[in-house]
Amino acid sequence: MLSTQQFSLLLLKWNHDFNRRNMPWKGINDPYKIWLSEIILQQTRVDQGEKYYNSITTKYLTVSDLSLAKDDEVYKLWQGLGYYNRCRNMLHTARHIHQELNGIFPKRYEDILNLKGIGDYTAAAIASFAYNLPYAVVDGNVVRVLSRVFGLNQSFYDAAGKKFFQSLALELLNKKKSAEYNQAIMDLGATVCKPQLPECNQCPFEKKCIAKIENRINELPVKKEKLKLKVRHFHFFVFEDKTSFYILKRTSKDIWNQLYTFYMIETENEKVKSKDNIILKSINNSPQVFQQVLSHQKIQGYFHINNKITEKEIAHLNVFKINKYELEAYAFPRLLISFFQKNNYL
DNA sequence: AAGCCGGGGAC
DNA sequence: GTCCCAGGCTT
């Protein structure tokens, strides 16, 4: 059995000798940029998040710069990244720091944790990377590495499991080199101890890894129960003239909050019944159909074009008029981007 | 505790 | 198709 000292030693040696992973935020200590990178990377692959990190940090050099930006401008930069409440919380926190904290990022773990959009993982990441404070990160990478190396059948997806892994991770943490250690274990998980086809021959724990020894690599970590896909039917009504579209901003707690779409209704199936909306007397009944599969729902998008509607009727809807050349100023869901591209608007 | 929130890359 | 990603918030 591996002692905590051995674990840390082997990990740091691997990090020094073999880890060549490089990312724009790696090794920096600006809490603002570290915070941005961590928010962007929540449930998001490094490859996917990197260009968003670059564009946001290029446009807003400090947290105060970001705090002064317009919502729509920032959401536009976030477009396509998903989990849009992260963007909402990010703006809230930037403005809180600018207005209430004189633009100074908090330095204590508890204060960092209290910021909107920051949970256990992100607080530990910022505290260790920016200030080298002794807090252990527990993300998907860490759970996978620890589960395999120590052969843990504990699930991470309940309160007891979270506590268990956080406790173990803290015990293993090299308290004097928390930044280096935390980065190393995540890098190991991302580049060697991968979810599928891990490269055990490059792993410093190969000879000690319980999962490897007992041939349980594919069983660990204990998987999260997969959620069943709910199918939803969204009917979009494209009101347009030569130069303009009518769009609206979504403001419910539903999917795509704060993004823009056409006027839309949701129905039980692919059919729109006249009772579904009295305004839509003359809907086009052969819409363009686009589908988007998300992790938790499948969305069928029906785009009804050439709708006959008067200005007076439009006034009853929640929409406003934009010029077609303004499309690039608004953040749209992927599904609408597909529609715009297919019809050569983008 | 369970549900909800996007989108995409690797296989 | 399946898995899962530098998770967190709401109910």
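Bear in mind the structure is a predicted one, so any value in this text is a computation, not a measurement. We name chains A, B, ... by the order of the sequence lines, and we start the count at 1 in each one.
- Using cut-offs of 30° and 60° on the angle between ring planes, the pair A/Tyr263 and A/Phe237 is tilted.
- Remark: side-chain polar atoms of A/Thr93 are paired, donor with acceptor, to backbone N or O of A/Lys116 under 3.5 angstrom.
- Of the possible donor and acceptor atoms, one in the side chain of A/Arg86 sits under 3.5 Å from a partner among the backbone N and O of A/Ile39.
- Relative to the side chain of A/Tyr84, the nucleotides C/dA6, B/dG8, B/dG6 differ in distance, and B/dG6 lies closest.
- Atom CE of A/Met186 and atom P of C/dC5 are 13 Å apart (whole Å).
- Test A/Phe290, A/Phe303, A/Tyr302 against A/His235 for ring pair (Phe, Tyr, Trp, His ring centres under 6.0 Å) and you get one pass: A/Tyr302.
- Taking the six-membered ring where tryptophan is involved, the planes of A/Trp35 and A/Tyr32 are tilted, since the angle between them lies from 30° to 60°.
- Side-chain proximity of A/Asp187 to the nucleotides C/dA6, C/dG7, B/dC5 is greatest for C/dA6.
- Mapping A/Asp158 and A/Gly82 onto DNA chain B by nearest heavy atom places A/Asp158 closer to the 5' end of the strand.
- In this structure, A/Leu294 places its CG atom 18 Å from P of C/dC4, rounding to the nearest Å.
- Nucleotide C/dG7 holds its P atom 10 Å from the CZ atom of A/Arg144, rounded to whole Å.
- Rounded to an integer number of Å, the gap from CZ of A/Phe290 to P of B/dG6 is 20 Å.
- Between the P atom of B/dG7 and the CD atom of A/Gln291 lies a distance of 14 Å, rounded to the nearest Å.
- Proximity note for A/Asp139 (side chain, C-beta onward) versus B/dG6, C/dG7, C/dC4: the nearest is C/dG7.
- The side chain of A/Gln48 lies closest to B/dG7, out of B/dG7, B/dA1, C/dG7.
- Taking the C1' atoms as reference points, C/dC5 lies 12 Å from B/dG6, given to the whole Å.
- Between the CZ atom of A/Phe156 and the P atom of C/dG7 there is a distance of 9 Å, rounded to whole Å.
- For A/Tyr121, the side-chain atoms get nearest to C/dG7 when compared with the rest of C/dG7, B/dG8, B/dG6.
- For A/Arg21 and C/dA6, a side-chain-to-base donor-acceptor distance below 3.5 Å is present, hydrogens and geometry of angles not being considered.
- Listed candidates were C/dG8, C/dC4, B/dC11. Nearest to the side chain of A/Pro195 is C/dC4.
- If you run ring pair (Phe, Tyr, Trp, His ring centres under 6.0 Å) between A/Phe245 and each of A/Phe340, A/Tyr325, A/Phe239, A/Tyr330, only A/Phe340 comes through.
- Residue A/Asn257 contributes atom CG, which lies 10 Å from atom P of B/dC5 at whole-angstrom precision.
- Checked against C/dT2, C/dT11, B/dA1, the side chain of A/Lys253 finds its nearest nucleotide in C/dT11.
- For A/Gln42, taking side-chain heavy atoms from C-beta onward, the closest of the listed nucleotides C/dA6, C/dG8, C/dC3 is C/dG8.
- Between A/Trp78 and B/dG7 there is no side-chain polar atom (N or O) within less than 4.0 angstrom of OP1 or OP2.
- Distance A/Arg250 CZ to B/dC5 P: 9 Å, rounded to the nearest Å.
- The residue among A/Asn85 and A/Leu197 whose nearest nucleotide of DNA chain B lies closer to the 5′ end is A/Asn85.
- Distances from the side chain of A/Asn141 to the nucleotides B/dC5, C/dA6, C/dG7 place C/dA6 closest.
- For A/Asp47, the listed nucleotide lying nearest its side chain is B/dA10; candidates were C/dA6, B/dA10, B/dG6.
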